[in-house]
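All remarks here apply to the structure that follows.
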2 protein chains.
Amino acid sequence: MHIPSSRITINDIARLSGVSKKTISRVINQSPLVSEETRSKVEAIIAETGFVPNAQARALARGRNSLIALVHDGSDRGILEAVESGMLRGMEGSEFSLVLRPVEGDPVARLRSFIDQHRPTGIVLLPPLSESEELTLLCDETETRCVRLGRVRGEHGLACDDRTAMSELVAWLIRLGHTRIGLVSGPETSLTAQQRELGYLDAMADHDLDRGPALIAAGENSFESGMEAGRLLLEVSPRPTAIVACNDEMAAGVIQAAQRSGLMVPDAISVVGFDDTPLAARIWPALTSMHIPWAAMAQEAVSRIRGQAMAADDAPALKADLVIRNSVLPLENQSGAT
Amino acid sequence: MHIPSSRITINDIARLSGVSKKTISRVINQSPLVSEETRSKVEAIIAETGFVPNAQARALARGRNSLIALVHDGSDRGILEAVESGMLRGMEGSEFSLVLRPVEGDPVARLRSFIDQHRPTGIVLLPPLSESEELTLLCDETETRCVRLGRVRGEHGLACDDRTAMSELVAWLIRLGHTRIGLVSGPETSLTAQQRELGYLDAMADHDLDRGPALIAAGENSFESGMEAGRLLLEVSPRPTAIVACNDEMAAGVIQAAQRSGLMVPDAISVVGFDDTPLAARIWPALTSMHIPWAAMAQEAVSRIRGQAMAADDAPALKADLVIRNSVLPLENQSGAT
DNA sequence: TAACCCATTGTTACCGGTTACCAAGTCGCT
DNA sequence: AGCGACTTGGTAACCGGTAACAATGGGTTA
């Protein structure tokens, strides 16, 4: 049994202000077809009663819910925090709410049933999901706005140039004198990770440095895989003097592996990360990392979904940026010792 | 203009299977009032067409949405990840979805309008919000199920005994020979933090140790405040040989402060955290911390909201547990050196 | 054989908004 | 005065489910 719950509805407002439902609807939807007088009268009553339109009824009538979903596959926890808070900032003061939707397993099927069930206004896809054309198609089909974060540019995409950013990061290490630079790569299935790896290769090639497979260890974007890859790279001989990881989680793993085996960072070996997640500043030594503006991108993504795309050039805030902390030393200041 | 979107509805299923809407409704709601034969026929058709009931229509009719909200004030980012994933695990395979709802500023007003707008089935409150009676009252009023995480036991509450856990943690340090033990406390407004502080005082009193104010530095649960408090504690003389922080974020801050000032952890000073968040394992040295089963509590919270409360004793998984890593050394193994 | 009961299933009125369509009032213009 | 154009507001159908209540049909009992 369902108690009428006596909450205020649009009908109550209509009755109280002596106009029709439709007019109230016009007022709350900012339609211009209402006289100034009527509008202010209705608005006063709404404020007085604390009326809030029922999102369900609205969603049912419009065929769209005031929800924006963050869809990811759980493979890169690191950037989640930044994306969440960016999206939240983008929806502040609006009618929208953020739904978290991990889709492990079969992303297409799970996303489809989610969309059918909730009819969100839009979704934000994180890599590596943002690389799937299938998911974008699904959104088109269901008329769900969709923004793909990372690597994919263009109509639905919002990304930094990972490849260039990584190559700049490595070039910076090279300028500090490093020549044997190891890489902890990301999962093969992730185009984002591939771009980063390419950026590394670009820089190494530009400077004619050894970029043989021995210097590249495969990671899976997780801390544990970073530790494992770190262990491997520390054993190659001659040992790299610097290691770059394709994300911060793995960089933290590399640091852990190094310190455990008695190699101090950065005195014995330099380590850099990528993304500049909150973790980077919290570990010791604080991690030098390439800042990717995930929060800003997420906020912009929400704006797009809300239909308030920024001016044509959305570039300014969306540039990668090197953040120098304490995990790197110029080669000459490093002791070669164990 | 709204295109009919041609999605499958309960009416289509009714037509296809030759029974009434109501019967379909009964089937998807697992009502026992349907013959086995009808049920399986309908289920076959549902599976075949990929029909998913529209959550909005449902929510409108029932007066309740299939949403569970995580409500917090953003003051303790650390436990958020664990709570999120616990809640998500609790809703896996169900019709429920997770909404993130930070309520800074005026929690009561913001939560009220959120509830009026979305009518979630339930909400999970994180400390320090879970300590507010007002919010619980609001949920009662609006018939929204509510679980308060941390510190509050009883009907709506789900918590570990923070005080005892902290006192055990400190007692453990004392057994390792430490006698000058500093505390980084949490915000004064948080009862959870207060309980932890009391636990510290209990243990110190039990062993007749100095628990003067000089050994207690106030933090705000953030990494930065932990660093600041750490700096203060490292300057008191004689210097504490161990520092316990009221959460992991602050413990990481203490470690950072110590290492920056040249005090190696744990060789020169031991540091312990509280909560055992993902951060604890990622920093160097890996942080010894009191595990608080936030994920398990969050999962149980969702179960309660879904109306499947566990057996009377929900205790087993909900015990705090010391996780020993690398940030503590017995006093005798520490060098007193700078 | 009629009366009755139980298990199933259907009828119909909502839930609280949006929207297509229509009606009425105001105004300026010829 | 007559007319259309424009503004403003009302009516009623609909979005896709749920639920109170009625109804149907077969077997069992008197």
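All figures in this text were calculated on a predicted structure; none of them were measured in a lab. Here is the naming used below: chain letters follow the sequence lines, and residue numbers restart at 1 for every chain.
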Side chain of A/Arg64, backbone of A/Glu143: donor and acceptor closer than 3.5 Å? yes

Listed nucleotide nearest any side-chain atom of B/Ala61, set C/dT11, C/dT18, C/dC15: C/dC15

Backbone of A/Leu138 reached by a side-chain donor or acceptor of A/Thr142 within 3.5 Å: yes

Within residues 29-39 of chain A, find the residues that approach DNA chain C with a heavy atom at under 4.0 Å, and present them sorted by residue number. A/Asn29

Within the supplied structure, the quantity of interest is the number of heavy atoms (other residues, nucleotides, ligands) at a distance under 6.0 Å from A/Glu134 CD; does it exceed 12? no

What pairs of residues pass the salt bridge (Lys or Arg N to Asp or Glu O under 4.0 Å) test when at least one of them lies in residues 70-95 of chain B, not counting sequence neighbours? A/Arg77-B/Glu81, A/Glu81-B/Arg77, B/Arg58-B/Glu95, B/Arg62-B/Glu95

Could you check how far CG of B/Leu60 sits from P of C/dG17, rounded to whole Å? 9 Å

C/dG16 base / A/Arg7 side chain donor-acceptor hit below 3.5 Å: no

Treating B/Ser132 as the side-chain partner and B/Pro128 as the backbone partner, does any N or O pair qualify as donor plus acceptor under 3.5 Å? no

In terms of side-chain heavy atoms of A/Ser20, which of D/dG17, C/dT18, D/dG10 is nearest? D/dG10

Nearest-Å distance for atom pair CD1/P, residues B/Ile28 and D/dA19: 11 Å

Whichever of B/Ala57 and B/Val19 has the more 5' nearest nucleotide on DNA chain C, that residue is B/Val19

Of the candidate nucleotides D/dT18, D/dC15, D/dT11, which contains the atom at the shortest distance from the side chain of B/Ser25? D/dT18

Going by modelled atom types, is there a donor-acceptor pair between the base of C/dG17 and the side chain of A/Arg62 at under 3.5 Å? no

Which angle, to the nearest 10 degrees, lies between the helix axes at the two ends of the helix from C/dT1-D/dA30 to C/dT30-D/dA1, each defined by five pairs? 60°

Member of B/Glu141, B/Glu131, B/Arg148, B/His156 meeting the side chain to side chain donor-acceptor pair (under 3.5 Å) criterion with B/Thr136: B/Arg148

Could you tell me whether the side chain of A/Lys21 has a donor or acceptor atom within less than 3.5 Å of a complementary atom in the base of C/dG17? yes

Grab the CZ-P distance between B/Arg26 and C/dG10 for me, whole Å please. 9 Å

Donor-acceptor pair, distance only, cut-off 3.5 Å: does the side chain of A/Asn29 make one with the backbone of A/Arg26? no

N/O donor-acceptor pair under 3.5 Å between B/Ser17 side chain and B/Val42 backbone: no

Compare side-chain N and O positions of A/Thr9 against OP1 and OP2 of C/dG16 and report whether any pair is under 4.0 Å apart. no

In residues 10-18 of chain A, which residues come under 4.0 Å of DNA chain D by heavy atom? none

In short, side-chain hydrogen bond (donor to acceptor under 3.5 Å, both in side chains) pairs touching residues 38-55 of chain B with sequence neighbours left out are B/Ser35-B/Thr38

So which of A/Thr144, A/Ile68, A/Asn65 actually passes side chain to side chain contact (heavy atoms under 4.5 Å, CB included) with A/Pro120? A/Thr144

Side chain to side chain contact (heavy atoms under 4.5 Å, CB included) involving A/Arg145 - partner list, sequence neighbours excluded: A/Ile305

Less than 4.0 angstrom between a side-chain N/O of A/Thr23 and OP1 or OP2 of D/dG10, yes or no? yes

